[in-house]
There are 2 protein chains.
Amino acid sequence: MYETKESSTNQLNISIALNKCPVTYTLHKIGGRWKPLIIYHLTSGPLRYGELKKAIPAITEKMLIQHLKELEADGLVNRKAMPVVPPHVTYSLTASGEALAPVLNAMAAWGMHYSKEETS
Amino acid sequence: MYETKESSTNQLNISIALNKCPVTYTLHKIGGRWKPLIIYHLTSGPLRYGELKKAIPAITEKMLIQHLKELEADGLVNRKAMPVVPPHVTYSLTASGEALAPVLNAMAAWGMHYSKEETS
DNA sequence: ATTAATACATACTTTTTGGTAGGTACTAGT
DNA sequence: ACTAGTACCTACCAAAAAGTATGTATTAAT
């Protein structure tokens, strides 16, 4: 029968999980394909758009800018544009972005440990 | 023009990101909509399938079993079936599942801190 | 007039993830 | 013969995320 609902259960369930689970909340903020890599590269200091692109060659410009916009909207990243031409824009981590460091470290430690076991 | 590629760039990019970034690896393992909640409920001890369902009312049976299968395949969760009827199956965390605790704690701490700021 | 440099924007398509609705197997108890 | 109880399975569909291709603005240098 497959009736179409007015408001998607998917969206509803996202907010249920977000409210019930702070882990899901965090996951939602850093959960894009390239977001951890972007954040990682910014931990060593601010970078220009083009520098990020070079640092992550496999990312397309669309995904890079899209993730940067989301990270900015979520308050994890600052965008600073100099009104010159050609444009000069730098991205840096905000306080809450920097505060992700222990999270990323814990995840990296787990990931390195258990991805090694997999291949052995 | 949109030519269709034989092997999706999406899949390729997943493995690029997985290889470059242990954080992405970890994210990939716990990244389902309900996985953090499932793991969280299992931290207090083994639970039966039906108990998990009651613990997370909003999840559908399809998603529950699907996530459990993935968690099992990824070695985070053990499945123990008693050959009785009606069936009796319990799920518990493996060593690597338990080892996620610091990761989840870090994520929960960050999530609780920064989701509060958002609503204030 | 054309090019170079930089940081995007947008229309469209593909791939993946999540949700809906229903069904199955097995046995003990009535 | 029928029901209850438990743990699933399987088509099918919808929504979200990711990728492709191409275009835009500005100005200084050639």
Side-chain angles (χ1 to χ4, degrees), chain A residues 1-18 24 27-35 37-38 46-54 56-72 77 79-91, chain B residues 1-18 24 27-35 37-38 46-54 56-72 77 79-91:
Chain A
M1 288 288 132
Y2 298 102
E3 303 164 30
T4 305
K5 301 292 183 65
E6 304 146 34
S7 68
S8 83
T9 311
N10 198 4
Q11 278 301 335
L12 212 157
N13 279 347
I14 284 181
S15 45
I16 288 174
L18 287 179
T24 302
L27 224 42
H28 201 69
K29 300 290 180 183
I30 62 174
R33 170 81 39 88
W34 307 98
K35 279 184 187 174
L37 267 174
I38 292 173
L47 286 176
R48 295 183 63 177
Y49 174 84
E51 293 173 324
L52 277 169
K53 227 185 62 173
K54 262 171 236 154
I56 313 171
I59 199 174
T60 63
E61 298 205 28
K62 187 208 160 201
M63 288 316 294
L64 177 54
I65 194 73
Q66 183 176 309
H67 281 159
L68 284 171
K69 294 284 174 207
E70 289 170 9
L71 290 168
E72 193 193 355
V77 156
R79 193 187 100 108
K80 189 172 162 189
M82 328 274 263
V84 295
V85 74
H88 186 113
V89 179
T90 57
Y91 290 92
Chain B
M1 288 293 130
Y2 299 104
E3 301 164 32
T4 304
K5 301 292 185 63
E6 302 146 34
S7 67
S8 82
T9 311
N10 200 6
Q11 279 300 334
L12 212 157
N13 279 347
I14 283 180
S15 44
I16 289 175
L18 286 179
T24 302
L27 223 43
H28 201 70
K29 301 290 180 184
I30 62 174
R33 171 81 41 88
W34 307 98
K35 279 184 187 175
L37 267 172
I38 292 173
L47 287 176
R48 296 183 62 176
Y49 174 84
E51 294 173 323
L52 276 169
K53 228 184 61 173
K54 263 171 234 153
I56 313 172
I59 199 175
T60 64
E61 298 205 29
K62 186 210 161 197
M63 288 317 295
L64 178 54
I65 194 73
Q66 184 176 308
H67 280 160
L68 284 171
K69 293 284 173 207
E70 290 171 9
L71 290 168
E72 194 193 355
V77 156
R79 195 187 99 108
K80 190 173 163 191
M82 328 273 265
V84 296
V85 74
H88 186 114
V89 179
T90 57
Y91 291 92

| task | For A/Arg33 and for A/Lys69, locate the closest nucleotide of DNA chain C by heavy-atom distance; then report the residue assigned to the nucleotide nearer the 5' terminus. | result | A/Lys69
| request: Return the value, rounded to whole Å, for the distance between atom CG of A/Leu12 and atom C1' of D/dA16. | output: 16 Å
| Any A/Ser8 side-chain N or O less than 4.0 Å from OP1/OP2 of D/dA16 | yes
| said: Rounded to whole Å, please give me the gap between NZ in A/Lys53 and C1' in C/dC8. | reply: 10 Å
| query | Which pair of non-hydrogen atoms, one from A/Ile16 and one from B/Ala58, has the smallest distance, and what is that distance? | reply | CD1-CB, 3.9 Å
| Spacing of B/Asn13 atom CG relative to D/dT20 atom C1', expressed in whole Å | 12 Å
| Quick one: A/Ile56 CD1 to D/dG19 C1', roughly how many Å, whole number? | 16 Å
Filtered N/O pairs between nucleotides 3-7 of chain D and protein, under 3.5 Å:
from, atom 1, to, atom 2, distance (Å)
D/dT6, O3', B/Arg48, NH2, 3.0
D/dT6, O3', B/Pro87, O, 3.1
D/dA7, OP1, B/Arg48, NE, 2.9
D/dA7, OP1, B/Arg48, NH2, 2.9
D/dA7, OP2, B/Gly50, N, 3.1

| message | Can you confirm whether B/Ile59 sits close enough to B/Arg33 that some side-chain heavy atom of one is under 4.5 Å from a side-chain heavy atom of the other? | response | no
| said: Can you see if the side chain of B/Thr9 gets near the phosphate of D/dT20 - specifically, an N or O under 4.0 Å from OP1 or OP2? | reply: yes
| field | Value in whole Å for how far the P atom of C/dT10 lies from CE of A/Met63 | value | 16 Å
| Whole angstrom value for the distance that separates P of C/dT17 from NE2 of B/His67 | 9 Å
| message | Contact between B/Ile14 and B/His28 at the side-chain level, heavy atoms closer than 4.5 Å - yes or no? | response | yes
| field | Short side-chain N/O contact from B/Trp34 to OP1 or OP2 of C/dT17, under 4.0 Å | value | no
| query | Hey, is the side chain of A/Gln11 poking within less than 4.0 Å of OP1 or OP2 on D/dA15, counting only N and O atoms? | reply | no
| Closest approach of A/His67 to A/Gly32 (non-hydrogen atoms, all atoms of both residues) | NE2-CA, 3.8 Å
| said: Rounded to whole Å, how long is the line connecting atom CD1 of A/Ile14 with atom P of C/dG18? | reply: 9 Å
| task | Identify which nucleotide among D/dA15, D/dA11, C/dT15 has an atom closest to any side-chain atom of B/Lys62, counting heavy atoms from C-beta outward. | result | D/dA11
| If you look at every heavy atom in A/Arg79 and A/Tyr91, which pair is closest and at what distance? | CG-CE2, 3.3 Å
| Taking atom C1' of D/dT20 as reference, at what distance in whole Å does atom CG of A/Leu64 sit? | 16 Å
| query | Taking the side chain as C-beta and beyond, is there a heavy-atom pair between B/Leu68 and B/Tyr49 under 4.5 Å? | reply | yes
| Should A/Lys69 and A/Gln66 count as side-chain neighbours, where that means a heavy-atom distance under 4.5 Å? | no
